[in-house]
Amino acid sequence: HGGRINGIIDAADLLIGDRLFDLGILRTAVRDKKHFEQIMQGYGNADRRKIDKYAIYFLLGKVSKGRTRRRERKQLLREMVRKINGRRRR
């Protein structure tokens, strides 16, 4: 590559575990649902319910530790909880 840097590997939050946890975190960051759906196409039949649960887990940690002042995250948390509760009723 001619001595040029063409990528960076960031291992700051490196964990061994379920790959869907990262998608749960990503779910909280991507505001445009269409964009998130494009990302999800690369994961095939990923368990959406599990991704939502990981996202809720992540958001609860942020909110409970006072690490977020963003109303959007709190609103997303409410929406995701409603969505999961709605799935249970069916």
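Quick caveat, the model's predicted, so the values are computed rather than measured.
For the atom pair Asp32 CG and Ile39 CD1, the distance stands at 9.5 Å (nearest 0.5 Å). Atom CG of residue Leu23 and atom CG of residue Asp52 lie 11.0 Å apart, to the nearest 0.5 angstrom. We find the CG-CD1 distance between Leu20 and Ile25 to be 11.5 Å, quoted to the nearest 0.5 Å.
Partners of Asp18 according to the side-chain hydrogen bond (donor to acceptor under 3.5 Å, both in side chains) rule, which considers only residues two or more places apart in sequence or in another chain, are Lys50, Tyr54. Take Asn45 and apply the side-chain contact (heavy atoms from CB on, under 4.5 Å) test, not counting sequence neighbours, and it matches no residue. When the side-chain hydrogen bond (donor to acceptor under 3.5 Å, both in side chains) test is applied to Gln41, no partner is found at least two apart in sequence or on another chain.
Ala55 and Gly24 make their closest contact through CB-O, 3.2 Å (heavy atoms, listed as atom of the first residue, atom of the second, distance). What you find for Ile51 and Phe36 is that their closest heavy atoms are CG2-CZ, 4.3 Å.
Arg48 has its side chain out of reach of Arg27: every pair of non-hydrogen atoms, C-beta onward, lies at least 4.5 Å apart. Taking 4.5 Å as the limit, some side-chain heavy atom of Leu60 sits within range of a side-chain heavy atom of Ile56.
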